[in-house]
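A quick write-up on the structure given underneath.
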2 protein chains.
Amino acid sequence: MKILVVEDEQLLRDNIADYLKAEGNVCDLAASLDEATEKIALYDYDCILLDLTLPDGDGLKLMRILKKQDRDDGIIIITARGSVDQRIEGLGLGADDYLIKPFHLSELSARVLAIVRRRSFKGNDLVRFNELNIDIQSKTVKVHGEPISLTRKEYDLLLYFMANKSKVISKSALVAHIWGDHADMADSFDFIYTHIKNLRKKLVDAGCKDYFQSVYGVGYKFSAE
Amino acid sequence: MKILVVEDEQLLRDNIADYLKAEGNVCDLAASLDEATEKIALYDYDCILLDLTLPDGDGLKLMRILKKQDRDDGIIIITARGSVDQRIEGLGLGADDYLIKPFHLSELSARVLAIVRRRSFKGNDLVRFNELNIDIQSKTVKVHGEPISLTRKEYDLLLYFMANKSKVISKSALVAHIWGDHADMADSFDFIYTHIKNLRKKLVDAGCKDYFQSVYGVGYKFSAE
DNA sequence: TGAAATCTGAAGATATTCTGAAGACGACTA
DNA sequence: TAGTCGTCTTCAGAATATCTTCAGATTTCA
């Protein structure tokens, strides 16, 4: 999962990011409305954690920007206890959930998962695609009922493609989503070739059709045809 | 078990905590609604003992917060004899049980156990998993019917994994649940490795299959396959 | 056909986990 | 209070798993 953490308190921001990373997610950080706006202009996120009270403005602004652009990143609002009005307005603007500060990190993590599940896979823990089966809770991938073992990057890739079936995914979008804002590694896509190759091989070896189609000059598409 | 004791009378609070600790539980204390709110925001509890009459407000408030956050910590309400209305409202808000002051500590302990059991293992004292058997009452673990001796941390770990079979448990979630306060946990997970190693060894030595699977970069999964 | 893009296998670099041993801690006893 | 025991944590090195790089082969497109 790729998650943007918008929070001005550094300690909390880092804590959140560390925890989510430890669970295998990719986190981008933003300490202000400005930074956040910049990030969302550059990347898509599975989920955005948004503190409403930021030094340079109201977090709701960000939501209006997203809404205007018709984007469907998942949003979890973080507020201090008491600011009920903001919270309600936020939900009206399309937030998926909210958390009252202070909160437990595992609580946060669970909600992120719930939202991503709801948005990407229509509430299912089990993502199915013909002979392919993914269980998000246990991070298990099965082909014809037999579990196969994938590395983290392979798993992330597969999940991302499954969530965007039949769409052409550019290599840079792939990098942005799975590696985070590593601007410096865009010079070569060798590592993507390798990961896709390995993923393909593992799936095919397990008896799965090769659903990846290379799109010359752009990236890949994951679809049945 | 991790239990939060919310009680303003110091003597009673300490008595309860001592008793529960002596039985091998982890106890956090809160003397006021405020303290309690802070604690529950930071940690998950297997059970919360909640005195309704607190110096800074009604304990039911806490329950509303929990409910709003959709949490399922077990709750036992403690009330003085007579305050029937509150008690009923509490049960309506999702309390699992209540105790009327004064009560015997052994009675309390039994109810805590009952609730944890009900929540985690659907009413079973005996948790079974193939050749593995745990009796929560007596804290006994048996492999193929032969009892083996585990340290407290090992037992806690095993129980937590059994209660979350087939789910991938991140190391930070593990720390949060079993160690509680370690805020600075990101520095090293060495002690987890060691405990898991020892637990694994004891189980395998007793003739149990190794059900722990390491999930590289995340944590562990406890499952049969 | 030729340049650019992609695929492939192998090897190097990194990161994570495992392990045994030793030190620290705390409860209990004398 | 000192000593003992069992437990918990720390540490350093070994073993593994994963990620990235690279060079050469292959494919694609103009």
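A note on names: the letters A, B, ... follow the listed sequences, proteins ahead of strands, and every chain is numbered from 1.
With salt bridges taken as basic N to acidic carboxylate O contacts below 4.0 Å, one links Lys2(A) and Asp28(A).
Around atom NZ of Lys209(B), more than 12 heavy atoms belonging to other residues, nucleotides or ligands sit under 6.0 Å away. Around atom NZ of Lys139(B), more than 12 heavy atoms belonging to other residues, nucleotides or ligands sit under 6.0 Å away. By the 6.0 Å contact criterion, CZ on Arg152(B) is open, its count of non-hydrogen atoms from other residues, nucleotides or ligands being 12 or less.
In this structure, the CZ atom of Phe189(B) is 17 Å from the C1' atom of dC11(D), given to the nearest Å. One atom, CZ of Phe212(B), and another, P of dC18(C), lie 11 Å apart when rounded to the nearest Å. Between Asp190(B) atom CG and dT16(C) atom P there is a gap of 13 Å when expressed in whole angstrom units. We find that CD of Gln213(A) is positioned 13 Å from P of dT28(D), with the value rounded to whole Å. The distance between atom CZ of Arg152(B) and atom P of dG26(C), rounded to the nearest whole Å, is 14 Å. Between Lys153(A) atom NZ and dA15(C) atom C1' the separation is 11 Å, expressed in whole Å. Atom CZ of Phe191(A) is separated from atom C1' of dA13(C) by 15 Å (rounded to the nearest Å). Between the OH atom of Tyr220(B) and the P atom of dT17(C) there is a distance of 7 Å, rounded to whole Å.
Phosphate proximity of dC19(D) to Thr151(A): present, with a side-chain N or O under 4.0 Å from OP1 or OP2. Distances shorter than 4.0 Å separate none of the side-chain N or O atoms of Trp179(B) from OP1 or OP2 on dC8(D). Applying the 4.0 Å criterion to OP1 and OP2 of dT17(C), one finds that Tyr193(B) has a side-chain N or O inside that range. OP1 or OP2 of dC7(C) sits under 4.0 Å from a side-chain N or O of Ser214(A).
Here the closest non-hydrogen pair linking Val143(B) and Cys208(B) is CG1-CB, 3.6 Å.
By the 4.5 Å heavy-atom criterion applied to side chains, Val26(A) and Trp179(A) are not counted as neighbours. In this structure the side chain of Leu174(A) reaches within 4.5 angstrom of the side chain of Ile192(A), judged on heavy atoms.
Applying a 4.0 Å cut-off to non-hydrogen atoms, the residues of residues 195-207 of chain A that approach DNA chain C are Lys197(A), Arg200(A), listed by residue number.
For Ser172(B) and Glu23(A), the side-chain atoms include no donor-acceptor pair closer than 3.5 Å.
Of the residues Leu108(B), Ile75(B), Leu4(B), the one that meets the side chain to side chain contact (heavy atoms under 4.5 Å, CB included) test with Leu49(B) is Leu108(B).
Using a 4.0 Å heavy-atom criterion, one finds that Thr194(B) contacts the bases of the nucleic acid, with or without backbone contacts as well.
For the pair Ile192(B) and Leu150(B), both in contact range of DNA chain D, the more 5′-proximal nearest nucleotide belongs to Leu150(B). The residue among Val218(B) and Gly217(A) whose nearest nucleotide of DNA chain C is located toward the 5' end is Gly217(A).
Checked against dT17(C), dT6(C), dC11(D), the side chain of Lys171(B) finds its nearest nucleotide in dT17(C). The Tyr216(B) side chain lies nearest to dA17(D) when the options are dT6(C), dC22(D), dA17(D).
Bending across the helix from dT1(C)-dA30(D) to dA30(C)-dT1(D), expressed as the angle between its end axes from five pairs apiece, amounts to 30° (10° rounding).
No donor-acceptor pair under 3.5 Å is formed between the side chain of Lys142(B) and the backbone N or O of Ile148(B).
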